[in-house]
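Heads up: the structure comes next, in structure tokens.
Atom set for the values below is all heavy atoms of this structure, side chains included, hydrogens, waters and symmetry mates excluded. Just so it is clear, the structure is predicted and the values come from calculations on it, not from any experiment.
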Amino acid sequence: MFKKILIANRGEIAVRVIRACRELGIRSAAVYSDVDRTSLHVIKADEAYYLGPTAATESYLNIARILDVAKRAGADAIHPGYGFLSENAKFARACAGAGIKFIGPTGDAMEVMGSKTGARRAMEKAGIPFVPGSLRGLESAEEAEQVAEQIGYPVMLKAASGGGGKGMRLVHEPAELHSALEAAKSEAARSFGDDEVYIEKAIVRPRHIEMQILADEHGHAVYLGERECSIQRRHQKVVEEAPSAIVNDDLRRRMGEVAVRVARAANYTNAGTVEFLVDAEKNFYFLEMNTRLQVEHPVTELVTGLDLVHLQILIASGGELPFRQEDLTIRGHAIECRICAEDPDNHFFPSPGTITMLLPPAGPGIRYDSGSYEGWTVPIDYDPLLAKLIGYGSDRNQATMRLERALTEYFVGGIKTNIPLFQRILQDPDFHAARLDTGYLERLMGGPSDPQAPAQGAQVAAAIAAALFAAMEGTTTEAEAAAVNSAHWKRAALRDGLR
Amino acid sequence: MTYEVTIDGRLYRVALAQKDGRWHCSVDGSPVQIDAVPVRPNELSLIIGGISGGIAGGISYDVKREKSPQETHLWIGSSRHKAEVRDPRSLQGRRSAGGEGEGTKKILAAMPGKVVRVLVKERDPVEAGQGVVVVEAMKMQNELKSPKQGAVQKILVAEGASVNAGDVLLLIE
């Protein structure tokens with residue numbers, strides 16, 4: 001087993017990995033940029049090392065610097081988290097070259113999956129079901145026309161090296177094809193330094209359902225069931241759940257077996273996720289493979305009872321999977337909300353700043369994975385994800401009720417968050433009926449919002465409270481402030497159950 | 001003392017007095033039984049009303065206050081209420097900059113970021129709602145608009161400058 005793991009990441013996922021290390025008795029080493037000196041992962045880790053300036057290219061993406069720090073700190077493994085260098089084949093190889101175990105797949109497996117067209121060619125050979133389309137990048141507009149005609153409109157143009165919705169265009173009819181192709185190519189070139197674009201049949205109102213897999217280095221591979229991630233905004237997942245309401249045992253087995261075949265075809269090891277689009281007839285098509293731990297892994301952990309980070313570490317250290325496919329069962333239901341520093345009233349514009357008050361949710365069936373704390377200033381420089389709030393219940397309905405309840409307890413002051421959006425989703429009849437597809441959120445947000453008229457009692461209470469705040473501030477002398485302070489400590493102790 | 005409190009645009013006159021360590025309160029002339037205890041800075045436990053038999057207690061509200069340089073909001077459960085308080089002792093009250101009306105208005109940075117572009121020059125005439133400065137934060141650009149018709153009195157930041165929340169960027173007269 002490893003003695004020390006360096007976590008080449010920040011925020012909630014770094015904290016998540018630090019916790020797993022502590023549970024396993026492995027020392028954790030965090031890394032940080034200038035602006036992250038006071039971030040939670042640095043405070044929580046056993047050791048913390050400075051990487052460089054705030055810009056990610058000079059810190060969390062700086063391969064040479066991270067490896068140098070890892071070697072000098074005596075780390076024998078690196079966990080990349082998600083994002084940053086987690087799917088960078090060069091980094092995985094550089095770790096191997098430096099004699100440090102990369103907790104994830106090999107660089108070769110990543111490379112096969114990293115290019116969407118490359119993945120497609122490899123998977124075609126293994127007999128994996130695909131959305132009909134071109135196998136390789138389009139050479140010309142004429143070729144695009146030909147392929148589109150063959151597979152039928154609407155079609156989707158996609159960047160071969162893409163992700164996060166960049167370089168994607170939906171084309172409804174032939175007249176739109178030329179300009180859409182130009183736009184997709186230039187966006188792809190700008191975002192990924194590669195203007196290769198391919199074409200696929202657009203699946204109308206698809207669900208996004210993905211399968212978690214684990215493969216050890218001794219030839220064992222299993223699937224851990226699906227996650228439904230159809231609730232997306234601009235191709236970014238917002239709510240994820242497991243299991244999917246439309247997947248029964250038979251479909252789960254068929255999708256799972258395909259996912260394991262995908263992994264085997266790429267000689268894949270460690271944790272990975274095979275993404276599928278599922279149409280109204282429950283046909284499923286391979287979309288891509290994510291060669292890392294996913295943001296939404298907790299929902300799978302809750303319904304399988306497994307710890308994916310423990311298992312990642314076990315596999316990377318050369319251990320065998322401690323169970324077989326037939327040992328795994330799905331129990332209950334879990335739903336995750338990605339809590340972000342964004343303003344839902346202002347086009348989800350990022351809302352960095354200092355968190356002046358934080359009341360975290362807790363209670364039955366609630367898991368709260370956070371990278372934030374009261375008094376911390378959310379930097380403007382990285383992803384706005386603050387925390388993941390996950391509700392678990394014996395069924396989907398109970399998980400939803402618990403999550404809804406937890407959201408009423410959760411308070412983040414000083415910055416805007418997307419918490420109101422989740423309250424809206426969790427009360428939506430279509431969500432309750434699991435009538436979901438990747439266009440769900442756009443429809444919900446485009447529809448009439450009926451903000452519940454606040455009870456008049458609450459407004460009167462707010463008026464009284466506003467006056468009280470003013471009165472208390474106006475009259476507080478230093479002695480009174482000291483008295484309030486000591487009373488405050490006592491009350492805080494009561495609140496936090498420290499009696 | 002009586003405070004003029006506006007919640008979500010509606011005015012309440014809240015009279016408060018403290019006797020024997022307890023608050024006595026009336027709203028718009030009607031007495032309201034309250035018990036208020038500060039939980040911590042900007043959080044108040046407020047119990048309103050009572051039941052028969054002289055039993056203390058009532059409906060419990062956990063009120064959180066959020067103050068920015070521009071405005072104050074009170075949260076009760078998951079509903080957010082815009083609050084303005086006028087203390088009768090102060091002439092000006094607590095109306096902050098940025099609203100409609102007379103006098104010089106300040107354009108403030110709502111979040112820390114970087115000034116990408118200043119869209120006007122000093123002494124330029126501006127319309128209400130006209131974009132005057134663009135601030136970038138978390139790789140997104142946000143155009144700040146003039147709250148009123150007038151002219152640019154002073155520009156206090158240069159393009160490329162880093163700003164904090166609440167920093168004054170421009171004055172509109």
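Annotation: side chain to side chain donor-acceptor pair (under 3.5 Å) contacts of Q33(B) (sequence neighbours excluded): none. When the side chain to side chain donor-acceptor pair (under 3.5 Å) test is applied to S68(B), the partners found at least two apart in sequence or on another chain are Q70(B).
The candidate with the highest count of non-hydrogen atom pairs below 4.5 Å against chain B, out of G413(A), A461(A), G353(A), is A461(A). With chain A as partner, the option from I48(B), N42(B), N164(B), I59(B) having the largest number of non-hydrogen pairs under 4.5 angstrom is N42(B). Counting heavy-atom pairs under 4.5 Å between each of V32(B), L11(B), V14(B), I7(B) and chain A puts I7(B) at the top.
Side-chain contact between W23(B) and M472(A) is present, with heavy atoms from C-beta onward closer than 4.5 Å. The closest side-chain heavy-atom distance from M357(A) to R65(B) is not below 4.5 Å. No side-chain heavy atom of F411(A) sits under 4.5 Å from any side-chain heavy atom of E43(B).
Between T356(A) atom OG1 and K64(B) atom NZ the span is 12.0 Å, to the nearest 0.5 Å. Between the OG atom in S78(B) and the CG atom in L407(A) there is a gap of 8.5 Å [rounded to 0.5 Å]. Atoms CD1 and NZ, from I380(A) and K114(B) in turn, are 8.5 Å apart once rounded to the nearest 0.5 Å. Rounded to the nearest 0.5 Å, atoms CG (L468(A)) and CG (L44(B)) are 5.5 Å apart.
Interface remark: I415(A) contributes backbone atoms only to the contact with chain B (heavy atom separation under 4.5 Å). Heavy atoms closer than 4.5 Å to chain A are found in the side chain of L74(B), but not in its backbone.
Other residues, nucleotides and ligands place more than 12 heavy atoms under 6.0 Å from the NZ atom of K145(B). No more than 12 heavy atoms of other residues, nucleotides or ligands shown are found within 6.0 angstrom of CZ on R13(B). The 12-atom threshold is exceeded at CD of E122(B), counting heavy atoms of other residues, nucleotides or ligands nearer than 6.0 Å.
No salt bridge links E66(B) with K416(A); every basic N to acidic carboxylate O contact stays at or beyond 4.0 Å.
Pairing each heavy atom of A458(A) with each of I76(B), the nearest pair is O-CD1, 3.2 Å. Contact record, V5(B) with A467(A): CG2-CB, 4.1 Å, taken as the closest heavy-atom pair. Shown here for V85(B) and A470(A), the closest heavy-atom pair between the two residues is CG1-CB, 4.0 Å.
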